[in-house]
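Working notes, beginning with the structure itself.
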Amino acid sequence: MLYRKRILFSMHAAVSATSVALAVLIITAEEYAPLKNWLKAAFTHHWLGKGALAVVFFLTVTVIVSFIRRSEGGLARLIVIEAIIVALS
């Protein structure tokens with residue numbers, strides 16, 4: 001049960017981080033043409049590239065936070081923070 005809570009906490013933290021990172025990536029790609037062109041070249045379409053990078057970022061943050069996070073608690077607060085961050089981004 002403890003491991004399950006740690007993974008759940010990690011995934012909620014990763015959702016928040018990925019939401020912000022994806023918002024920054026979208027704005028940057030729209031303002032900086034070489035980034036958008038690279039996404040098109042690497043992934044055949046810039047939205048596919050943003051999605052693929054978001055998935056990789058989410059999985060990476062989930063794994064990192066699950067190893068860093070040692071104490072339990074605060075999940076309800078994190079869910080509220082996550083909802084606010086996702087709504088704003």
Side-chain angles (χ1 to χ4, degrees):
M1 186 69 161
L2 184 65
Y3 177 74
R4 188 171 158 198
K5 284 184 179 179
R6 187 184 317 175
I7 291 296
L8 188 62
F9 185 92
S10 301
M11 290 177 76
H12 282 289
V15 165
S16 298
T18 303
S19 177
V20 171
L22 188 56
V24 169
L25 181 62
I26 289 169
I27 293 168
T28 305
E30 292 302 320
E31 297 296 324
Y32 185 64
L35 176 59
K36 190 171 188 176
N37 292 334
W38 175 78
L39 289 168
K40 288 178 190 177
F43 298 99
T44 68
H45 194 276
H46 60 98
W47 277 107
L48 292 175
K50 292 171 191 171
L53 291 176
V55 168
V56 169
F57 187 81
F58 171 80
L59 294 174
T60 303
V61 171
T62 300
V63 169
I64 290 171
V65 172
S66 71
F67 284 115
I68 292 173
R69 177 81 175 155
R70 295 291 180 219
S71 63
E72 297 303 321
L75 184 60
R77 183 176 47 135
L78 181 65
I79 292 172
V80 171
I81 292 169
E82 173 189 353
I84 292 168
I85 289 173
V86 170
L88 291 176
S89 64

Among residues two or more places apart or on two chains, list those pairs meeting salt bridge (Lys or Arg N to Asp or Glu O under 4.0 Å) that have a residue in residues 57-66.
none

Residues in side chain to side chain contact (heavy atoms under 4.5 Å, CB included) contact with V15, at least two apart in sequence or another chain
F58, E82, V86

Who pairs with S19 by side chain to side chain donor-acceptor pair (under 3.5 Å), at least two apart in sequence or on another chain?
S89

Could you tell me the separation between the CG atom of L59 and the OG1 atom of T18, rounded to the nearest 0.5 Å?
8.5 Å

Under a single-linkage definition using a 4.5 Å side-chain heavy-atom cutoff for Ile, Leu, Val, Met, Phe, Trp and Tyr, are V20 and L25 assigned to the same hydrophobic cluster?
no

Non-hydrogen atoms of V65 and S10 that approach each other most closely:
C-OG, 3.5 Å

Got a second to check how far F57's CZ is from T62's OG1, nearest 0.5 Å?
10.0 Å

Could you give all pairs that pass the ring-ring contact (aromatic ring centres under 6.0 Å, His included) test and reach residues 20-42, with sequence neighbours left out?
W38-F43

Mind checking what makes side chain to side chain contact (heavy atoms under 4.5 Å, CB included) contact with W47, not counting sequence neighbours?
I26, H45, K50

Where is the tightest heavy-atom contact between I85 and S16, given as atom of each residue plus distance?
CG2-O, 3.7 Å

Which residue pairs satisfy the salt bridge (Lys or Arg N to Asp or Glu O under 4.0 Å) criterion with at least one member in residues 32-41, sequence neighbours excluded?
E30-K36

Look at the side-chain heavy atoms of Ile, Leu, Val, Met, Phe, Trp and Tyr, link any pair under 4.5 Å apart, and say whether L53 and V55 land in one connected group.
no

What heavy-atom pair brings V56 and T60 nearest, and what distance separates the two atoms?
O-OG1, 2.7 Å

Distance-minimising heavy-atom pair for A54 and L22:
CB-CD1, 4.1 Å

What pairs meet the salt bridge (Lys or Arg N to Asp or Glu O under 4.0 Å) rule with one or both residues in residues 53-65, with sequence neighbours excluded?
none

